[in-house]
Number of protein chains: 2
Amino acid sequence: MTGSGEGLTTLKEFQDWVDLSRQAICREIFARNSERIGVKKEATAVRNLSRIIDATLRLANEKGFQAMTLRDLSGETGMSMGALYTYIGSKDELVRLIQSHGRLLTGRVMHDSLEAVTGAVPRLSAAIRAHVYLTEVLHPWFYFSFMESRHLGRREIEAAIQGELASEKIFADILAEGQQEGLFRRIDVTLAAASIKALMQDWYLKRWKYSRRGVGAEAFAAHLIAFVLAYVGFAAPADGRC
Amino acid sequence: MTGSGEGLTTLKEFQDWVDLSRQAICREIFARNSERIGVKKEATAVRNLSRIIDATLRLANEKGFQAMTLRDLSGETGMSMGALYTYIGSKDELVRLIQSHGRLLTGRVMHDSLEAVTGAVPRLSAAIRAHVYLTEVLHPWFYFSFMESRHLGRREIEAAIQGELASEKIFADILAEGQQEGLFRRIDVTLAAASIKALMQDWYLKRWKYSRRGVGAEAFAAHLIAFVLAYVGFAAPADGRC
DNA sequence: GTCTATACAACGATAGAC
DNA sequence: GTCTATCGTTGTATAGAC
């Protein structure tokens with residue numbers, strides 16, 4: 001962790017800190033699913049896995065996963081249908097693969113981002129920034145996960161719900177900490193944490209809106225931090241109100 | 001309008017004020033599309049149209065519109081495939097029908113809810129309540145519209161975007177009004193309006209979360225109003241801060 | 001107005017050559 | 001490891017009887 005204490009502030013710092021390149025991600029996916037994948041050479045497998053996931057996110061985010069056919073995927077990746085099936089067991093397994101690895105990454109990044117940060121306000125800021133920057137870098141991944149969560153089985157849907165609640169709890173805990181420190185006023189921390197999640201989610205659900213207005217990830221994160229701190233009753237430093 | 005001045009406060013007042021029953025809605029849909037529908041007797045048409053839309057929302061919200069087949073729809077409605085096609089021109093037209101009428105209702109309800117309300121704070125409260133209560137009553141409708149907007153054509157996607165921006169503008173205008181009245185502090189009204197929309201959207205996107213926690217529409221609306229008023233710098237009445 | 005029967009295209013998935 | 005060819009199934013949509 002480079003900028004400890006206050007957490008990572010800029011998007012660039014965040015990107016330099018975590019390696020969220022497709023290659024790094026697909027290498028880990030390959031390591032975690034090597035038995036089920038018919039191709040044994042890592043370099044080949046990672047390259048093709050990367051193509052498949054990339055094309056899936058592109059096609060599915062444009063017209064939906066169900067509407068994307070494996071023939072579309074074959075065309076977009078430049079691989080034959082037969083070749084696709086050496087990497088994935090079925091079309092449905094592809095959704096599970098992407099979703100479950102997304103949850104893994106989210107949990108890890110959120111945890112690591114807060115590890116060295118102390119104090120409710122810096123932790124709250126760091127958590128919001130980490131989440132916004134993560135969804136900025138992996139935007140297609142998160143958009144896909146949200147929109148296609150219905151195509152999972154009962155068991156996987158439960159995992160998605162638990163992931164949502166776990167990530168919400170991070171915020172609820174920080175808010176409770178701030179109350180105990182006497183920094184935040186009395187609020188319903190669960191309701192407030194849910195609202196913070198809703199605000200952050202807008203960054204990857206309505207990306208088009210912020211793009212066309214020229215609002216970047218850093219400005220958006222700063223806005224959210226100010227929004228939330230106002231609600232919890234913590235006055236922003238260089239602001240003449242109250 | 002019954003409770004003028006401050007706007008409608010309880011969910012029940014809202015429900016008594018607007019008729020959002022399936023029957024009333026489907027009667028209007030029939031009136032607006034009577035030429036394209038093969039059935040001429042209103043009573044029959046409205047009853048079957050109601051069945052079709054009801055079943056579509058139920059099936060599509062569970063597993064997605066693309067995954068819902070017309071054979072599913074036939075089974076759920078108790079109508080034959082042939083009968084379905086006397087009401088809808090195609091599967092895609094069914095999405096358009098539901099989405100465009102949803103936008104019509106939203107625009108009308110938001111407009112009428114604010115008509116007799118004056119002052120930035122009452123207007124902001126009334127607008128948030130109207131939106132939360134509307135999406136509470138027509139929850140399946142709004143969930144469907146959000147999730148399936150990608151399955152529309154270019155032209156309809158543009159209409160959906162315009163609807164989103166129009167409804168956002170209602171909030172931006174109220175915030176600007178509050179600033180001019182000197183009630184609200186200096187903020188980016190566009191960014192704030194987008195955040196309000198994001199918060200309200202959570203009510204129909206993550207309904208399961210609030211259901212399992214026992215949070216109702218009125219409590220949720222009250223929470224959002226407090227959240228937003230804190231951000232704009234307007235202190236809540238019975239609250240000892242500032 | 002509603003039904004049954006069916007057309008025909010496109011889907012996911014696999015076998016076997018290379 | 002990757003390709004081509006093809007299987008069986010299921011999708012949307014319609015024609016014509018009732």
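Note that the structure is a prediction, hence the values are computed from the model and not measured.
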Discussion item. Just the rounded figure in Å: distance from P of D:dA13 to CG of B:Leu94.
Written reply: 11 Å
Discussion item. Strictly below 4.0 Å: does A:Tyr87 bring a side-chain N or O up to OP1 or OP2 of D:dT2?
Written reply: yes
Worksheet, complete the sentence: Here the distance between atom P of C:dG1 and atom NZ of B:Lys41, to the nearest Å, is 6 Å
Worksheet item: Can you check side-chain contact (heavy atoms from CB on, under 4.5 Å) on B:His101 and B:Leu97, steps first, answer last?
Response: CA-CA 6 Å; B:His101 199 73; B:Leu97 193 79; over 6 Å; no
Discussion item. Regarding B:Asp16 and B:Lys12, does a basic nitrogen lie under 4.0 Å from an acidic carboxylate oxygen?
Written reply: yes
Practice prompt. Would you tell me whether A:Ser21 and A:Asp19 have side-chain atoms, one donor and one acceptor, within less than 3.5 Å of each other?
Written response: yes
Worksheet entry | Contact under 4.0 Å: B:Tyr85 side-chain N or O vs D:dT14 OP1/OP2 | no
Discussion item. Are more than 12 heavy atoms, taken from residues, nucleotides or ligands other than B:Arg58, located less than 6.0 Å from that residue's CZ atom?
Written reply: yes
Item to complete: Under 4.0 Å from any atom of DNA chain D, heavy atoms only: list the residues of residues 68-75 of chain B that qualify, in numerical order.
Response: B:Met68, B:Thr69, B:Leu70, B:Arg71
Worksheet item: Roughly, in whole Å, what's the span from NZ in B:Lys63 to P in D:dT10?
Response: 12 Å
Discussion item. Just the rounded figure in Å: distance from C1' of D:dG1 to CZ of A:Arg51.
Written reply: 13 Å
Practice prompt. Using atom CD1 of B:Ile88 as one end and atom C1' of C:dT2 as the other, report the distance to the nearest whole Å.
Written response: 15 Å
Item to complete: Report the distance from atom CG of B:Asp92 to atom P of D:dG11, rounded to the nearest whole Å.
Response: 16 Å
Worksheet item: In whole angstrom, what separates B:Lys91's NZ from D:dT14's P?
Response: 15 Å
Discussion item. How many whole angstroms separate atom CE of B:Met81 from atom P of D:dT12?
Written reply: 7 Å
Worksheet entry | Non-neighbouring partners of A:Glu164 that pass side chain to side chain contact (heavy atoms under 4.5 Å, CB included), sequence neighbours left out | A:Glu168, A:Lys197, A:Gln201, B:Lys206, B:Trp208, B:Lys209
Fill in: Basic-acidic side-chain contact under 4.0 Å: B:Glu76, B:Arg51
no
